[in-house]
Every structure is written in C-alpha cells, then in structure tokens.
Protein chains: 2
Amino acid sequence: MPSPSKKSQAGLDSTDRAILAALIEDGRMTNSALAARVGLAESTCAYRVRALRESGVVADISARIDLAAVGRPIQAVVQVQLASHSRTHIDALFDRLAGIPGALSVVHVAGDNDFHVHVAVASPERLRDLILEHITSHPAVTKTETQLIFEARRGSGVLGPL
Amino acid sequence: MPSPSKKSQAGLDSTDRAILAALIEDGRMTNSALAARVGLAESTCAYRVRALRESGVVADISARIDLAAVGRPIQAVVQVQLASHSRTHIDALFDRLAGIPGALSVVHVAGDNDFHVHVAVASPERLRDLILEHITSHPAVTKTETQLIFEARRGSGVLGPL
DNA sequence: AATGAAAAGACCATAGG
DNA sequence: CCTATGGTCTTTTCATT
C-alpha cells in the first residue's frame with residue numbers, strides 16, 4: 001500500500017505537487033511518462049491530473065510562443081494611471097486593456113499607477129499607436145508611463161519552498 | 001492541391017498561425033484534434049507542429065497553476081533600482097532575481113527602475129522577507145518599490161492583427 | 001485512493017500520389 | 001500537401017483491493 005502522500009496545504013499532497021512541477025516543466029509530457037516520474041500507476045496518474053484540471057489548480061496548459069517569430073519583437077510595460085477609481089471605471093478599463101491586440105498581461109496594482117500592461121508589438125511606431133488608440137484615448141486615463149523591455153525572463157516559479 | 005497558405009511574415013503562414021492559436025488555447029490538444037481544427041491531414045499537421053517546436057517558434061508548452069491553490073495567494077510587483085549599470089551587475093542581478101523562490105517573471109526595462117519582478121508569496125510577511133533577503137540585501141540595489149497586485153489577467157495575446 | 005489489464009484511440013514512420 | 005498502411009505507444013475504462 002504505497003501512499004506516503006503528505007498534505008502540505010489545502011488539498012494538495014506531495015504527489016500533486018510533483019505532478020504540477022512536471023507539467024510546468026513540460027505540459028505535453030505523456031501520462032505514462034508522468035506516471036513513471038511521480039511513481040503512480042498510469043490510471044491513477046490520469047485520474048489525479050484530471051482532478052487537478054477540473055478543480056482549476058491547473059488553470060490551463062498552453063504554448064508560449066516566440067514573440068519575435070510572430071512579428072512582434074518589441075516589448076514594453078505601459079503603466080496607466082486613472083483619474084477615477086470607481087469600480088465601474090476600473091472594471092471597464094481592465095477589460096479594455098486586456099483586449100488590446102498585443103497585450104500579454106494586464107495587472108491591476110495598488111499604487112500610483114493603477115495598471116501595468118505588458119505588450120508586444122511589431123515596432124516602436126506600433127507601440128505609439130497602441131498607446132494612443134487604446135489607452136490614452138480613454139477619458140479616465142490621466143497618465144501613462146512606458147518602459148521598453150530589454151529582456152524578460154521566467155522566474156524560478158512557485159513550487160520551491162514556501 | 002489545396003494550399004492557400006498566405007505568408008504574413010518570416011516563414012509563418014496562416015496555417016502555422018492557426019496551429020499556434022490552437023496550442024495557446026489548449027497545449028495538450030491531440031494532433032488529430034489539431035489537424036481537424038486547422039484543416040490539415042494528421043501527418044502534415046504533426047510535421048508542422050514538430051517544425052514549429054524545433055525552430056523555437058513554440059518556445060515551450062507548460063501548465064499554469066492557480067497560485068492560491070499552492071499556498072501563494074499574494075502577488076506583487078517589486079521594482080528594483082540599481083546603482084551601477086555595468087553589464088556584470090545587471091547580469092548578476094538578473095540571475096539572482098530570477099532565482100528567487102516565488103518569482104514568476106523578471107523583466108529588465110529601460111527606466112528609472114531597472115527591473116520589475118513579479119512574485120507570488122504566502123503572506124505579506126513573506127513578501128517582506130523575500131524583499132529583504134533576496135533583493136535589498138544586494139549591494140548594487142539602491143531602491144525598491146513594491147506594489148500589491150489586486151488582480152492579474154492574461155491579455156488577448158499576440159495572434160490578432162498586427 | 002490506487003491498481004492491473006483489456007479495449008479504444010492516438011501516434012509515427014513509411015511509401016506513393 | 002494528401003492518403004494509406006502497418007506497428008507501437010497511450011489513454012480510458014472498469015472490476016478489484
């Protein structure tokens with residue numbers, strides 16, 4: 001009866017964490033490889049993975065693509081300041097920013113600038129156009145601050161020690 | 001012979017873009033499902049996907065996990081200013097920041113603050129500890145500015161119109 | 001929860017159009 | 001780029017523990 005599964009937090013035992021780590025490393029790993037790696041039978045492993053996906057612990061499994069290869073070699077962070085912080089304005093702007101073509105992520109932060117928008121564009125001109133057309137054109141936006149990204153890297157992630 | 005493949009940029013035709021879009025949506029889609037979706041024979045589709053991965057256009061396929069579910073419900077952006085902008089210092093700090101446990105991404109930007117570090121932590125105390133231990137402790141760091149993240153969303157991405 | 005085993009399905013390499 | 005064929009590996013299902 002092999003199951004030393006330690007629960008270190010809300011419903012996730014060490015086997016689940018091993019599965020998560022593996023799927024972060026390679027989201028296309030086959031179930032059999034995964035089962036071998038975490039030491040489960042294939043059927044059990046498949047069951048666990050399904051449970052993790054259905055419960056939303058695995059939010060999605062998705063390809064990351066080379067931005068230069070799809071014609072968007074320039075990246076920037078555009079910080080956006082709002083005049084009004086009413087819920088309605090925040091929500092509306094959030095939607096609008098997330099919908100910008102080329103927006104990779106939009107973050108709503110506590111601070112002087114309310115949103116950080118990470119964008120990828122084809123050229124500096126396109127960056128200007130994007131900001132003018134989709135951001136500063138909004139009546140509630142008081143200010144933007146744009147920083148060119150020299151290099152972006154992934155961090156070591158979240159499955160090391162707490 | 002059915003092949004309307006329009007090249008809109010460097011080596012990528014519209015079929016490739018359809019494949020990329022599908023794999024961004026669901027990186028674990030089977031080759032047969034993908035082939036059906038983009039209207040290719042399975043053999044051809046598999047060939048395309050392999051080419052896209054080998055050429056690095058598909059950088060990786062990876063699971064995104066719910067940060068709260070793994071015990072890190074607090075996110076923040078920590079902006080970091082450096083005293084010296086020598087190549088050596090930049091590189092060293094970049095490595096160090098990317099290695100912080102809980103670091104999701106590290107971005108080197110042109111601006112007053114040189115780095116933006118996106119982190120996920122278990123609690124505000126852990127955030128403080130992380131900053132003190134891994135960031136301000138570095139001799140070249142002159143200043144940090146930290147913003148709590150209220151909400152982070154994915155943008156619409158890069159495969160819409162240029 | 002976890003397992004093994006069998007049926008169903010997906011994949012790969014190959015050859016030919 | 002498509003079809004078609006094997007042979008192999010993978011996933012799923014289910015009765016059992």
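Chain letters run A, B, ... following the sequence lines, proteins first and then strands; every chain starts at 1.
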Taking atom types as modelled, is there a side-chain donor on Asn113(A) or Glu145(A) under 3.5 Å from an acceptor on the other?
yes
Relative to each other, are the rings of His89(B) and His138(B) parallel, tilted or perpendicular (30° and 60° limits)?
perpendicular
His108(A) and Glu151(B): side-chain donor and acceptor closer than 3.5 Å?
no
In whole angstroms, how far is the C1' atom of dT3(D) from the CG atom of Leu40(B)?
14 Å
Can you check the Glu54(B) CD to dC12(C) C1' distance for me, whole Å?
14 Å
Note: Arg154(B) and Ile24(B) closest approach over all heavy atoms is NH2-O, 4.3 Å
Between Phe115(B) and Ile90(B) the two heavy atoms that sit nearest each other are CZ-O, 3.8 Å
Touch check for Ala41(B), heavy atoms < 4.0 angstrom, all strands: base, sugar-phosphate only, or nothing?
base
Could you run down nucleotides 5-17 of chain D 5' to 3' and tag each one B, S or - for protein heavy-atom contact under 4.0 Å?
-----SB-B----
Without hydrogens or angle criteria, can the side chains of Ser55(B) and Arg50(B) be said to hold a donor-acceptor pair below 3.5 Å?
no
Rounded distance in Å - CZ (Arg48(B)) to P (dC11(C))
18 Å
Distance below 4.0 Å between Thr44(A) side-chain N/O and dA1(C) OP1 or OP2
no
